[in-house]
Amino acid sequence: MANYIICLAHFCELHGPSTIVCTQTGPVKDKSKYLIPANSKSQQACQSCQLILPDNSINIITKDKPDEDTLFVSTHYPASQTRFTSLTKLVMKSLSVETTADLSKPMFFGDVVYGYCINKIFKINDANARGSERKYSLMVISDVESDLLMNWDIITIYFNEIIDLIQKRVDQVNQESKDPSGVLNERYLRRSLIKPKSLVELTNDDEIFVKFHLWAVQLLKDILK
Amino acid sequence: MLGRLFKQNTTGNTQNSHHSHHHHHHSHHPQLGNTANPLNPQIPDSTLLSPSANYEDSYSREILYGTHNANQLKPYQFNNKLFRIIISQDGGNLRSKQVLYDSAVEPQSPTASTPTQPTTMSSSCSNATLVSTTKSKPLNTRNITTSKVHHNVSDLNDYMFGCGLPSNETHCNTKIHVLPQINNSASAPYNAVLITRLFSISDLEVSEWSPLSSLSSQNNNWIPTPALPIKESNIKKYPFKNGKDNSTSKTNNFINSRFSIGLVVPLESVNSITDVIFNNWHEISHYLIILQKLVYRKLMIHLNSGFNYDNESNITGCQFLVNKRIQFPNYILHGDFDINSQLYKLIKSIHYNFNIPKLINSNYLMKTSVLNESHQYNPMLINWVLEILNWLEFKEGKPTTPNYNYNSSFLHSNSLLEYGLQSSTQNVNTNTFLASLLALLIPYRKSLSIKPYYNVARNVREVTRVVVMTENPVVAKKLVFILNGMIPNNQRIEEVPRCTQMYDSTFEEEEVKSDKDQTFSVSTSPEKSLSPIMTSTTHGILPIPIKQTSTSGINNVFSGSGDSSSDNSLSVKWEIPNKSTASIPTTNTSRVETTAVGIPIVTTSSTNSTIAHPHSVHSKSSISYLSSSLNSSYSSSQSLYSLSKLGGSFMDKWKNSFGSANSHSNPLTPTHAPSNAQGYFETGDQQYGSLSKRNSIQSLRTPSPALEIDEFNWNQHSKPININTGVLSSNLTHVIGSHKLSRTQSMYDLYNMNNLMNVMSEETDSLDSLSESNQESTATLPPTTAPMSPTPVTSTPAPATNTLEIKRSKTSVFTPLINDNLIKNVDEHNKSTIRSKCRSIMLMSKYRVKKATDDEGTLEIDNINYDNNENDEDVVFKHKALLSSVAFSDEFRPEFSVQSCPINPKLEQQVMNAMKNDLLFYQNNCNYDAITTRTIFISLRAREIKLIEMNLQNPPSTTLSSGGDSAMTGSSPVASYISEQSNKANASRRNSSTSNSYRTRIKKVYTPTKNLGNRELINKIEQVLDEMNQLFTIQLQLFQDKKNKSSGIDFHNRLSKLVLSLLE
């Protein structure tokens, strides 16, 4: 039985490739194994790397159905050490090693040591970012190569939809908050420091990560069928 | 006529498409087309076409692939020139990598670079010549043409190695990129995918399993598992003697160099990537591993040739080693004979794996049908049983419909007994071929349900193949169909009950809708309902008369009337085709005219009988006739439930609904049971609905042209048989092979008459006359005709009775299983489903979020439960790769677990070579304690079954001789200082230096004269088969006795039980 992790990662201008949120699934009885304890020291995460949830929460859980045993958990990073190692390595590769000619297509890479990954890089316009854009990676990682690949087409569709929704929302926000006099000049003069920005701020949506969680739940449900 | 026209069109189209393909090819790649690649002279386009040329009629498609729709199985002709293998090295330069081999590049002087033969190179003595050869080779041989058609090499290198951070990994990586289309005038844009394998030549510890392996014990739920494992090697830690260095201080040379193998595979479209690549990922992985090992071995030869020695024969260095990196000259592998042939192997592998449609998992469908009370896949069940019975009758000469009076059912069993006795006295081998084969297969079917190349997480690996050697693919396919039914599904097919139900209901809904839409309605306007019949007849499609003869084996033919009197049925000596048997007078006229070509005598009696007894359930029966007529007329039409194959069962539904159902537990003493037997025939209405729906679909879909021709053939060939039937039905010996000939189309095939193409070209007289008669009948068919079809358990899987049309591709099936017709484009459907899901989440309001009570840091969110909606839009359909079983392959392919192949004296040797390669592959790459590979080798002509088995036990005792054309590198020929070294902990015993032994056992399990199978099991199976036969015979008889309106559900239950005993 293949395990999957849905992950949103980005290339932080301060920290390099880093995970923002990852969604996993497991049995309800193992809930504690997936959750990051509330008293854990909050990671040294900048604004853009942080998983910002309503009510200062750390984890999100969703039960598939009240009577079912499947639990979907979204956290900032995987609580399991093995998964953390795998995910970190794959995120690093995804954002700073692998390259593809066509950003509209996902790519696959993986090995027997860390696991396997289908990822798609996307960029979000942000006038304050280096190069005016921020680089994100949407990833599905799995420990079973062939099972992951068999879901290529479903994953691709989800990737396209999720990325499209986020990008459109950001563009919408950019349009609304456009200050034609200031921003360009500020940027030109490099007066405003490159400052980390969360996707919450970029999309102007407090619950963007809740939504990501729900997207990931749907994706997981479809690929686990 | 139309059929012929269609057929010609089809063939014309395929030819055209092939031709246009070539045309296209030439026009866009003129240079390539004109210059044959001297390195790959053995890539003929035409030879790769042959599997697709293997024609299958719609019935065969249905039983083998779960769909009669040929469009889903259409082969795609790859442009072989677009395949490419590229091998590169990372010599340490961040900006550029060196290409060692590129199949798209033609060396300027191929003769100058003699292929290096590893076998001839035994030691360092040949090194000098090798080096000189490589040095004299032109380094950059790229020409302009190829660079326009193919992707830029440095781009490919970027994709393969990645850019950015250099990696110091030593383990293998696999990558898949969708390549951008090339836009330039030299080539038409094409889609392609790049499959990359990165590997190292290193004397560092290979980082396989580490660092996670240490952690995996703590957390066992993340175990990266490749499609196929590879045991990676590293080179010997042999510190070079260097005067400057203190050699004791270092244990190795810290060499680590990355190499990549890239495969460029062209695609029909981006959407076909799953079908071409991922559904065959195990096979492609296998190919990649073999290629990787080959390349590794070749590179090691070159590396070994480059050592520098001091006076004491100590290695002081290597000319290819620069800063701990290996730097081979460009194109060092160019001209290598072994690597050159790999491209051809790749093309063939992709072609065979993609273009030969995989068999549908009929075992699963039948089990669903039996266990889940879902009758959707009953046709598969019925066809399977019928094919078995037909096989027994026609290939084994077993009386499946024994000669007996329909009043004495025990005579039937007697005759079977007699048969058994007779045969036992005549022959030592009393068991049938089929039962023996099934008995042999049953113990191995679990391993047959695993692809030959598959990563099995067990200590023991068993590979089983079934190879049918045949000169008649049509017959072999029937056998493959029977065998395939025995192979369970090891994969989980998501049986989402809700979904299934939903689709059932959807289907019903649609049917209802379409009913309403139709100009004719089932019960109210039979006149209108006739129109499809008219259409079909004018198209010259009148297949029904022929197929019916299945019942002809029995003297007593039930009369057309639903409440037939016994004298009536007895009076009819000639059996009317079962679909028209119960038709009302007018229809009969037409029928008779149709069949008149064959049997004029019959006409009167049948007509008389039917005229004498006008049908009681007139309008309903007319509909059912309609259904069967449509069923048989349109190949593209579909219904989930074709009970017309069950013959009268459909009619039974109607009868049952009128209040009298019979249990047929004792055919002699029919007891009237309350009419609660409708469960089995719930489908009747649906059939109905689907038919009317089908009608509307007609305009959109082209009926399979081949089908009509089939039916003509049928007519033509069944003529004499029908006559036989009438005359000789009481004579058992004559009956065999004749009276049931029309029972399935397969009979046709069994007698080698079914070469469709031949018949087409020959255009025999009877064919013409038949079509004439069809036209006549059409002309005389009154529009008010309301025929009915209380077809008895006709064994006939009517060739045109299209019952299954499962949505699938050539290599996978979409799950949840769905009818092809319900969703045209799965990809579009999935897109819109997922889009609406994602959008509604984006627009979600906040109230869904709530704080979990038990944990302050955790939010609990209700799932947006789409599944509660009764909306089918929410279901996403997934590819589920089918097992690698095929019906027929024009050459033996080791990737297939079940296949039939043409007769070839080398076939057995090829099979054995493949088995040896299995042993080598799993021995060299996996850590199985024992490896068993076996092949059930069936020679149809000789009626022989051989069981070939090879075993490899660890630890071994004698040398493993690699046989055949093994590309394995387990026992590396490199006899040098740097040799492969396995890095596994238990490597010592699996090491290539360790000698292994394998045992080969070839056992003739079955020959016409002796049988070495498991007698107990064989007899058990034999008994089940007999019971099936009996059941069918009784059911058949029951249907002929109009008083005994047998209960279909009872029949189904009994049959299910029997089938289940075979399937499980």
Side-chain angles (χ1 to χ4, degrees), chain A residues 3 35-38 53-55 57-65 80-83 85-86 92-93 96-102 105-116 143-146 149-154 157-158 161-162 165 169 207 210-211 213-215 217-218 222 225, chain B residues 155 158-159 162-165 167 171-180 207-209 211-212 215-216 218-219 221-227 229 273-274 278 281-282 494 496 827 830-831 834-835 837-839 841-842 844 846 849 851-852 855-861 863-864 876 878-879 881:
Chain A
N3 295 294
L35 294 179
I36 295 174
L53 295 175
D55 303 338
S57 303
I58 299 175
N59 312 301
I60 314 180
I61 58 169
T62 293
K63 280 178 192 153
D64 188 11
K65 280 171 191 160
S80 146
Q81 197 181 348
T82 320
R83 293 182 181 213
T85 313
S86 282
M92 188 276 289
K93 280 191 175 184
S96 59
V97 175
E98 303 303 341
T99 181
T100 178
D102 188 354
K105 304 275 185 343
M107 73 162 286
F108 164 88
F109 63 90
D111 55 63
V112 75
V113 178
Y114 299 106
Y116 303 89
D143 57 350
V144 180
E145 181 184 19
S146 45
L149 285 175
M150 283 308 292
N151 290 299
W152 172 280
D153 49 353
I154 304 282
I157 298 173
Y158 268 101
E161 286 305 320
I162 294 171
L165 286 168
R169 175 62 64 91
E207 295 189 350
V210 175
K211 287 170 184 173
H213 167 77
L214 289 171
W215 286 327
V217 169
Q218 292 302 322
D222 278 336
K225 266 180 195 165
Chain B
D155 286 349
D158 281 350
Y159 306 146
C163 30
L165 294 177
S167 143
H171 55 269
C172 290
N173 281 9
T174 311
K175 301 179 189 181
I176 299 170
H177 291 82
V178 179
L179 291 177
S207 58
E208 202 178 6
W209 305 119
L212 295 188
L215 300 169
S216 63
Q218 304 162 15
N219 196 342
N221 61 2
W222 189 264
I223 305 162
T225 313
I273 186 171
T274 303
F278 304 134
W281 186 243
H282 290 97
E494 292 71 31
V496 187
D827 208 47
N830 285 348
K831 257 183 208 163
I834 291 170
R835 177 169 297 156
K837 279 189 196 185
C838 291
R839 297 227 158 140
I841 289 172
M842 192 67 178
M844 182 190 73
K846 296 191 176 191
V849 180
K851 200 87 172 175
D855 192 333
E856 53 184 290
T858 304
L859 276 183
E860 184 163 354
I861 296 174
N863 190 15
I864 300 187
V876 168
K878 291 174 61 178
H879 282 279

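In what follows, every chain begins at residue 1, and chains take the letters A, B, ... in the order their sequences are listed.
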Mind running side-chain contact (heavy atoms from CB on, under 4.5 Å) on B/Asn830 and A/Ile154 for me, showing each step along the way? CA-CA 8 Å; B/Asn830 285 348; A/Ile154 304 282; 3.8 Å; yes
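- B/Ile861 and A/His213 make their closest contact through CD1-CD2, 4.3 Å (heavy atoms, listed as atom of the first residue, atom of the second, distance).
- For B/Thr174, the parts sitting under 4.5 Å from any heavy atom of chain A are the backbone and the side chain alike.
- Counting heavy-atom pairs closer than 4.5 Å to chain B, the top-ranked of the candidates A/Asp102, A/Val144, A/Val217 is A/Val144.
- For chain A, the nearby parts of B/Cys163 are the backbone and the side chain; heavy atoms of each come within less than 4.5 Å.
- Heavy atoms of B/Asp158 lying under 4.5 Å from chain A belong to its backbone as well as its side chain.
- A distance of 8.0 Å separates CD1 of B/Ile834 from CD of A/Glu161, quoted to the nearest 0.5 Å.
- Remark: of the listed residues B/Lys878, B/His879, B/Lys831, B/His879 is the sole one forming a side chain to side chain contact (heavy atoms under 4.5 Å, CB included) with A/Asp153.
- Going from atom CE of A/Met107 over to atom CD1 of B/Ile176 covers 9.0 Å, rounded to the nearest 0.5 Å.
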Full working for side-chain contact (heavy atoms from CB on, under 4.5 Å) between A/Gln218 and B/Ile841: CA-CA 10 Å; A/Gln218 292 302 322; B/Ile841 289 172; 3.9 Å; yes
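- Contact check for A/Ile157 versus B/Val876: no side-chain heavy atoms found under the 4.5 Å cut-off.
- Minimum interatomic distance between B/His177 and A/Thr99 (heavy atoms only, all atoms of both residues): NE2-O, 2.9 Å.
- Only the side chain of A/Lys105 comes within contact range of chain B, with at least one heavy atom under 4.5 Å from a heavy atom of that chain.
- For A/Ser86 and B/Trp222, the side-chain atoms include at least one donor-acceptor pair closer than 3.5 Å.
- Atom CD1 of A/Ile162 sits about 10.5 Å away from atom CE of B/Met842, to the nearest 0.5 Å.
- Heavy-atom distances place both the backbone and the side chain of A/Val97 under 4.5 Å from chain B.
- The minimum heavy-atom distance between B/Pro226 and A/Val112, with the atom names listed, is CD-CG2, 3.6 Å.
- With rounding to the nearest 0.5 Å, the separation of CH2 in B/Trp281 from CZ in A/Phe108 is 6.0 Å.
- Separating the CG atom in B/Leu859 from the CD1 atom in A/Ile60 is a distance of 6.0 Å, to the nearest 0.5 Å.
- For the residue pair B/Tyr159 and A/Glu98, the shortest heavy atom distance occurs at O-OE1, 4.3 Å.
- Residue B/Leu179: no heavy atom, backbone or side chain, is found under 4.5 Å from chain A.
- Interface check for chain A: of the options B/Asn173, B/Thr274, B/Asp155, the most heavy-atom pairs under 4.5 Å are formed by B/Asn173.
- Counting only distance, with no hydrogens or angles, the side chain of A/Asp143 and the backbone of B/Ile223 share a donor-acceptor pair below 3.5 Å.
- A salt bridge links B/Lys837 with A/Asp222: at least one charged nitrogen is closer than 4.0 Å to a carboxylate oxygen.
- The two atoms that bring B/Ala227 and A/Ser146 nearest to each other are CB-CB, 4.3 Å, heavy atoms only.
- B/His171 and A/Tyr114 make their closest contact through CE1-CE1, 4.2 Å (heavy atoms, listed as atom of the first residue, atom of the second, distance).
- For A/Tyr158, the parts lying under 4.5 angstrom from a heavy atom of chain B are both the backbone and the side chain.
- Atoms OG1 and CG, on B/Thr858 and A/Leu53 in that order, are 10.0 Å from each other to the nearest 0.5 Å.
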